[in-house]
Amino acid sequence: MMDEVVEEEVDEVMEEEVEEEVGGLLLYHWSQSFASQKVRLVICEKRLACEEREVCLPLNEHNEPWFMRLNPAGEVPVLVHGKVVVCQADAIVTYLEETFTGDAVPRLLPEAGSPYLARVQHYRELLDSLPVDTYTHGCILHPHLASHGSLPAFATAHIRNQIINTDAELKKLAREHPEMRDLYLGKLRRFKSKLLEQDDLAHVERVLEDLDRVLDQVETELEQRSQESPDTEAGGELWWLCGPAYSLADACLVATLHRLSFLGLSRRRWGPSAQRRPRLAAYYERSARREAFARVLRPADNVLRSALMPAALKAARRHGPRLILRGAAALLAGAAAAALAVLVARVARRRLAAAAVVAVVVVGNVAGRAG
């Protein structure tokens, strides 16, 4: 994994949007990106100070030249630590665990010689191998596979349109930036290959069957941990997936379970409605009480920001003045206003201040109606 780490001068790969960091951690991510969520969980669990900057996928910021120079794959997350740039979630997690050690930093990987190390490595590799992007786009392209998900229909429709438009977007960028043509066309080829699989219903159903087998294995493992745990009635702590301590395997599992729940794939797989895997259901409830879960996975504005912001910007450019007047009252009461402040500031920095103001009004208007 560590061969993903690339050491280079940060100011040579980033333009004006990226400021060089000296010594500190800087994470480029998107709040709804599964890979980003997994890395952010680890950062929170290790209690590391890290500056975060969002790369808005619905606005195609991950395809912009400055970000493609930072990560030629054009994918989030990307970690910058001084002069070191680390791409790809699993490599970032390994880098964080190996770089930040000491008594004051929680350890998420057992030390060499620990009886739990092999177990953590096994489940980390198993869970990291799951095609979560196929689950995500598979449910968007085949909505009948999901039940009671958190992604509303209008957001699903927007994401479907965005997927369809990606082909034209990447071709346009390849023409506009000939020096990066190979990068954009390479990304286009990878995108088309994945899309063919994700659009194949039979393929998506097969990977979901594989997922069920993995969850069965996890359920068995959690049952074993329950038997090994000290007497909880006497004040003992229930063990985690691989042993008494929360580990990288737990971070991978929690992020995966959250994504499955978000997509509407959980009700048929664990909990009372599924009538199976009770240990997994209890584990997820327990994990949801951790501080890192609350900080990374629970923010209520994620769906709103992901689904509505791009549409709001487009509407702002077309009907700005009229929408400002119509949505002003709703903005004052809209619960989304504060949550969108960060996005507004970033859009404003990109010299779209007027559109950003209208975007917040539009989203506030929609939120006000929904409330």
> If you draw a 6.0 Å radius around CZ in Arg286, do more than 12 non-hydrogen atoms from other residues or ligands fall strictly inside?
Replying inline: yes
> Considering residues, nucleotides and ligands other than Glu179, do more than 12 of their heavy atoms fall under 6.0 Å from its CD?
Replying inline: yes
>> Going by ring pair (Phe, Tyr, Trp, His ring centres under 6.0 Å), Tyr246 matches just one of Tyr283, Trp240, Phe293, Tyr116. Which one?
In response: Trp240
> Between His81 (side chain) and Val86 (backbone), is there a donor-acceptor pair under 3.5 Å?
Replying inline: no
> Can Glu45 and Arg290 be said to form a salt bridge (charged side-chain N to carboxylate O under 4.0 Å, His left out), step by step?
Replying inline: CA-CA 9 Å; Glu45 291 288 354; Arg290 293 181 70 87; 2.8 Å; yes
> Should the pair Lys187-Glu75 be classified as a salt bridge under the 4.0 Å nitrogen-to-oxygen rule?
Replying inline: no
>> Show, in sequence, the C-alpha distance, side-chain angles and deciding distance for Leu25 and Glu51, and conclude whether the side chain to side chain contact (heavy atoms under 4.5 Å, CB included) test is met.
In response: CA-CA 6 Å; Leu25 287 173; Glu51 180 183 352; over 6 Å; no
> Do any N or O atoms from the side chain of Tyr184 and from the backbone of Asn63 form a donor-acceptor pair under 3.5 angstrom?
Replying inline: yes
> Hey, mind stepping through Arg277 and Glu219 against salt bridge (charged side-chain N to carboxylate O under 4.0 Å, His left out) and telling me if it holds?
Replying inline: CA-CA 6 Å; Arg277 303 187 184 113; Glu219 177 74 10; 5.9 Å; no
> Is any NZ, NE, NH1 or NH2 atom of the basic residue among Arg40 and Glu52 found under 4.0 Å from an Asp or Glu carboxylate oxygen of the other?
Replying inline: yes
> How far apart are the C-alpha atoms of Val93 and Gln88, what are their side-chain angles, what is the distance that settles it, and do they pass the side chain to side chain contact (heavy atoms under 4.5 Å, CB included) test?
Replying inline: CA-CA 9 Å; Val93 168; Gln88 205 268 335; over 6 Å; no
>> Checking side-chain polar atoms at under 3.5 Å, does Glu64 have a donor or acceptor matched by the opposite partner on Trp66?
In response: yes
> Regarding Thr136 and Asp133, is there a side-chain donor-to-acceptor distance under 3.5 Å anywhere?
Replying inline: no
> Which heavy-atom pair separates Leu70 from Cys87 by the least distance, and what is that distance?
Replying inline: O-SG, 4.1 Å
>> Before you tell me yes or no, could you show the steps for Val76 and Glu54 under side chain to side chain contact (heavy atoms under 4.5 Å, CB included), namely the whole-Å CA-CA distance, both residues' side-chain angles and the distance that decides it to 0.1 Å?
In response: CA-CA 9 Å; Val76 291; Glu54 288 195 328; over 6 Å; no
> Leu215 versus Leu257: any side-chain heavy-atom pair under 4.5 Å?
Replying inline: yes
> So do the side chains of Leu297 and Gln37 get within less than 4.5 Å of each other, counting heavy atoms only?
Replying inline: yes
> From Leu253 CG over to Leu241 CG, what is the distance, rounded to the nearest 0.5 angstrom?
Replying inline: 5.5 Å
>> Listing request: all side chain to side chain donor-acceptor pair (under 3.5 Å) pairs with a residue in residues 262-274, at least two apart in sequence or in separate chains.
In response: His148-Arg267, Asp212-Arg269
> Yes or no on salt bridge (charged side-chain N to carboxylate O under 4.0 Å, His left out) for Asp216 and Arg276, after CA distance, side-chain angles and deciding distance?
Replying inline: CA-CA 10 Å; Asp216 285 339; Arg276 57 175 174 163; 5.0 Å; no
>> Could you check whether Asp210 pairs with Arg206 (Lys NZ or Arg NE/NH1/NH2 to Asp/Glu carboxylate O, under 4.0 Å)?
In response: no
>> Looking at every non-hydrogen atom in both residues, tell me the closest pair between Lys38 and Cys252 and how far apart they are.
In response: CD-SG, 3.9 Å
>> I'd like to check Leu208 versus Leu145 (side-chain heavy atoms, cut-off strictly below 4.5 Å). Are they in contact?
In response: yes
> Would Leu222 and Leu280 satisfy side chain to side chain contact (heavy atoms under 4.5 Å, CB included), going step by step from the backbone distance to the final call?
Replying inline: CA-CA 7 Å; Leu222 290 173; Leu280 187 66; 4.1 Å; yes
> Looking at CG of Leu211 and OG1 of Thr256, how far apart are the two atoms once the value is rounded to the nearest 0.5 Å?
Replying inline: 8.5 Å
> Hey, are the side chains of Asp250 and Ser287 touching, using non-hydrogen atoms and a 4.5 Å cut-off?
Replying inline: no
>> Tell me if the CZ atom of Arg47 is crowded by more than 12 foreign heavy atoms within 6.0 Å.
In response: no
> When rounded to the nearest 0.5 angstrom, what distance separates OG in Ser36 from CD1 in Ile92?
Replying inline: 8.0 Å
> Of all heavy-atom pairs between Cys139 and Leu263, which one has the smallest distance, and what is that distance?
Replying inline: SG-CB, 4.3 Å
> What is the minimum heavy-atom distance between Ala249 and Leu127, and which atoms define it?
Replying inline: O-CD1, 3.6 Å
> Are Val85 and Trp30 connected, step by step, through hydrophobic side chains (Ile, Leu, Val, Met, Phe, Trp, Tyr) whose heavy atoms are closer than 4.5 Å?
Replying inline: yes
>> Applying ring-ring contact (aromatic ring centres under 6.0 Å, His included) as the test, list every pair that has at least one member in residues 119-138; sequence neighbours left out.
In response: none
>> For Arg213, is there an ion pair with Glu209 - N to carboxylate O distance below 4.0 angstrom?
In response: no
>> Any non-hydrogen side-chain atom of Leu185 less than 4.5 Å from a side-chain atom of Leu170?
In response: no
> Do you see a donor-acceptor pair shorter than 3.5 Å between the side chains of Tyr28 and His62?
Replying inline: no
> Heavy-atom distance under 4.5 Å between the side chains of Leu260 and Val132, does that happen here?
Replying inline: no
> Side chains of Arg279 and Ser226: does their closest heavy-atom pair fall under 4.5 Å?
Replying inline: yes
> Taking atom CD of Gln227 as the centre, does the number of heavy atoms from other residues, nucleotides or ligands within less than 6.0 Å exceed 12?
Replying inline: yes
> Do Thr101 and Arg107 have side-chain N/O donor and acceptor atoms under 3.5 Å apart?
Replying inline: no
> Rounded to the nearest 0.5 Å, how far apart are CG of Leu96 and CG of Leu109?
Replying inline: 12.5 Å
> Which class fits the ring pair His258 and Phe262: parallel under 30°, tilted 30 to 60°, perpendicular over 60°?
Replying inline: parallel
> Looking at CZ of Arg124 and CD of Glu97, how far apart are the two atoms once the value is rounded to the nearest 0.5 Å?
Replying inline: 8.5 Å
>> Using a strict threshold of under 4.0 Å (side-chain N to carboxylate O), is an ion pair present between Arg225 and Glu228?
In response: yes
> Any sub-3.5 Å donor-acceptor pair from Ser193's side-chain atoms to Arg190's backbone N or O?
Replying inline: no
> From Met68 CE over to Met180 CE, what is the distance, rounded to the nearest 0.5 angstrom?
Replying inline: 5.0 Å
>> Salt bridge check, Arg289 against Glu285: does any charged N sit closer than 4.0 Å to a carboxylate O?
In response: no
